[in-house]
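Here is the structure we will look at, set down as structure tokens.
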Number of protein chains: 2
Amino acid sequence: MRLTTRGRYAVTAMLDLALHYEHGPVSLAEIAKRQGISQSYLEQLFARLRRNRLVDGLRGPGGGYKLGRPGDTISVADVIDAVNESVDATRCGGQRNCQDEHRCLTHDLWEDLSTQIRDFLSGVSLDQLVKRQSVQTVHRFQEKRVSDLQTEASI
Amino acid sequence: MRLTTRGRYAVTAMLDLALHYEHGPVSLAEIAKRQGISQSYLEQLFARLRRNRLVDGLRGPGGGYKLGRPGDTISVADVIDAVNESVDATRCGGQRNCQDEHRCLTHDLWEDLSTQIRDFLSGVSLDQLVKRQSVQTVHRFQEKRVSDLQTEASI
DNA sequence: GAATACCTGAGTATTTCACTCGGATTAGCG
DNA sequence: CGCTAATCCGAGTGAAATACTCAGGTATTC
């Protein structure tokens, strides 16, 4: 099992989309600036998100991305799956052939762990995250910071 | 966060020790054969397990390893920690400086996930694993296989 | 003192990650 | 139409980690 920046970035970016849903499509440049993620890297992640119908891309000026379906129907697990990070903890990918065609001693343990993690991440939707106190706090801080940078640049 | 072969091998090997506790020290050669793990690689893992006092090494002929303390006081989390695989899911390692010295949007989510995983793995002891039906089944199968190989070789 | 095991450190092929770069395509606007 | 803003797409790359191997040293038992 692995959970790395890829999955974390993807969830963060999707949450950014959810937070700015009313303002129309959000460009990757905005997300990159707000969340401190490389824009080219975001492009790769969004290619995967798009293939999984989690986002819709709109080209041209004023374009950007928006959620492919309502935020309460997208779970964190969906996002992580989309960017190809399996949350499977077994070595064999659930195939039970971990030790030359047989189950290894600890196969069931890792299977249980996988279920545990999957249930947890499936139980959290983007909308639930948006409503969280901690997310709102960071969200407002980021908005302020971006506008600060803009006024600073205009001086 | 990562959970790879290293952590899985370590838990499997520790469980093997627990299963053969009555028969005195278990050599790495036995574990390697039974569990299908490279012996040299096991040596590296056991160096870490030894440093963390999870096992005692006994040199010389008839030597091997035994559990450093009773199996009901060793959790799966202990073993994974010992081989240096952090189960922390945050990017910052809990430091809250994930986005240039500030918390990132999803920091708390990953912290919750880390707690979830840690609680699960801390709640499972080696003794509990030994008692599991699935472990006993695989255990007996492995014993049979090893003795089959021995009689086969003696022909 | 020979065999058996633990112990140690160095090296290495492969994979993955986290990114960059260059360019193509599409759409809105004057 | 042409400019520009944006999504798209594919290839490449440096650094790190993983999962090993190999060569030897050291303790212990018979």
Side-chain angles (χ1 to χ4, degrees), chain A residues 1-13 17 20 23-33 35-68 80 83-86 91 98-99 104, chain B residues 1-13 17 20 23-33 35-68 80 83-86 88 91 93 98-99 104:
Chain A
M1 182 188 55
R2 68 179 64 98
L3 179 60
T4 60
T5 3
R6 192 150 88 217
R8 281 190 290 254
Y9 280 177
V11 175
T12 304
L17 279 192
H20 298 87
H23 305 64
V26 183
S27 74
L28 291 187
E30 295 176 62
I31 301 179
K33 194 193 296 174
Q35 308 304 334
I37 308 175
S38 140
Q39 181 171 345
S40 319
Y41 195 40
L42 274 179
E43 283 176 1
Q44 286 187 26
L45 300 184
F46 272 79
R48 304 194 197 214
L49 295 172
R50 192 172 168 280
R51 261 178 256 138
N52 287 69
R53 311 272 175 134
L54 291 181
V55 297
D56 283 334
L58 300 170
R59 294 180 160 195
Y65 287 95
K66 57 196 192 77
L67 294 182
I80 292 181
V83 294
N84 243 356
E85 286 199 320
S86 127
R91 174 170 177 68
C98 355
Q99 189 182 351
C104 71
Chain B
M1 181 186 58
R2 68 179 65 96
L3 179 62
T4 61
T5 4
R6 192 152 87 217
R8 281 189 290 254
Y9 280 177
V11 175
T12 303
L17 279 193
H20 298 86
H23 305 65
V26 183
S27 73
L28 291 187
E30 294 176 62
I31 302 179
K33 194 193 295 174
Q35 308 304 333
I37 308 175
S38 139
Q39 181 171 345
S40 318
Y41 196 40
L42 274 179
E43 283 176 355
Q44 286 186 26
L45 299 184
F46 272 79
R48 304 193 197 215
L49 294 172
R50 194 172 166 279
R51 261 178 254 137
N52 287 70
R53 312 272 175 132
L54 291 181
V55 296
D56 284 333
L58 299 170
R59 295 179 161 194
Y65 286 96
K66 57 195 191 79
L67 294 182
I80 293 181
V83 293
N84 243 355
E85 287 198 321
S86 127
D88 184 31
R91 174 171 177 67
C98 355
Q99 189 182 351
C104 71

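Chain identifiers are assigned alphabetically (A, B, ...) following the order of the sequence lines, protein sequences preceding nucleic acid strands; residue numbering begins at 1 within each chain.
- Distance CZ (R51(B)) to P (dC6(C)): 16 Å, rounded to an integer number of Å.
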Check your understanding: Please walk me through it: do D56(A) and Y65(A) pass side-chain contact (heavy atoms from CB on, under 4.5 Å)?
Key -> CA-CA 6 Å; D56(A) 283 334; Y65(A) 287 95; over 6 Å; no
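- Going from atom CG of L45(B) over to atom P of dT8(C) covers 14 Å, rounded to whole Å.
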Practice item. Using the side-chain contact (heavy atoms from CB on, under 4.5 Å) rule, take L67(A) and L54(A) through it: C-alpha gap first, then chi angles, then the decisive distance, then the call. Key: CA-CA 6 Å; L67(A) 294 182; L54(A) 291 181; over 6 Å; no
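- Taking side-chain N and O atoms only, Y65(B) has a distance below 4.0 Å to OP1 or OP2 of dC7(C).
- Each of A29(A) and E43(B) has a nearest nucleotide on DNA chain D; the 5'-most of these lies closest to A29(A).
- Between the C1' atom of dC17(C) and the CZ atom of R8(A) lies a distance of 12 Å, rounded to the nearest Å.
- For G60(A) and R50(B), each mapped to the nucleotide of DNA chain C holding its nearest heavy atom, the one lying further toward the 5' end belongs to R50(B).
- Rounded to an integer number of Å, the gap from Y41(B) OH to dT12(C) C1' is 14 Å.
- One atom, CD of Q39(A), and another, P of dC19(C), lie 14 Å apart when rounded to the nearest Å.
- To the nearest 0.5 angstrom, Q44(A) atom CD is 12.5 Å from Q39(A) atom CD.
- Distances shown here put a side-chain N or O of S38(B) below 4.0 Å from the OP1 or OP2 atom of dT21(D).
- Distance, K66(B) NZ to dC6(C) P: 14 Å, rounded to whole Å.
- Within 4.0 Å (heavy atoms only), S27(A) reaches sugar-phosphate atoms of the nucleic acid but no base atom.
- For the pair I31(A)/Y9(A), no side-chain contact is recorded, criterion being any heavy-atom separation below 4.5 Å from C-beta on.
- If you check distances only, the side chain of Q44(B) does reach the base of dC20(D) with a donor-acceptor pair under 3.5 Å.
- Within the structure, every side-chain polar atom (N or O) of Y9(A) is placed at least 4.0 Å from both OP1 and OP2 of dC17(C).
- Residue-to-nucleotide proximity on DNA chain D shows that, of D56(A) and P61(B), the 5′-proximal contact is made by D56(A).
- In this entry the distance linking CG of L3(B) with P of dA17(D) reads 17 Å, nearest Å.
- Contact between R6(B) and V83(B) at its shortest, heavy atoms only, is NE-O, 3.1 Å.
- When distances are taken from the side chain of R59(A) to each of dC20(D), dT7(D), dC19(C), the shortest belongs to dT7(D).
- Atom CZ in R48(B) sits roughly 10 Å away from atom C1' in dT18(D) (whole-Å rounding).
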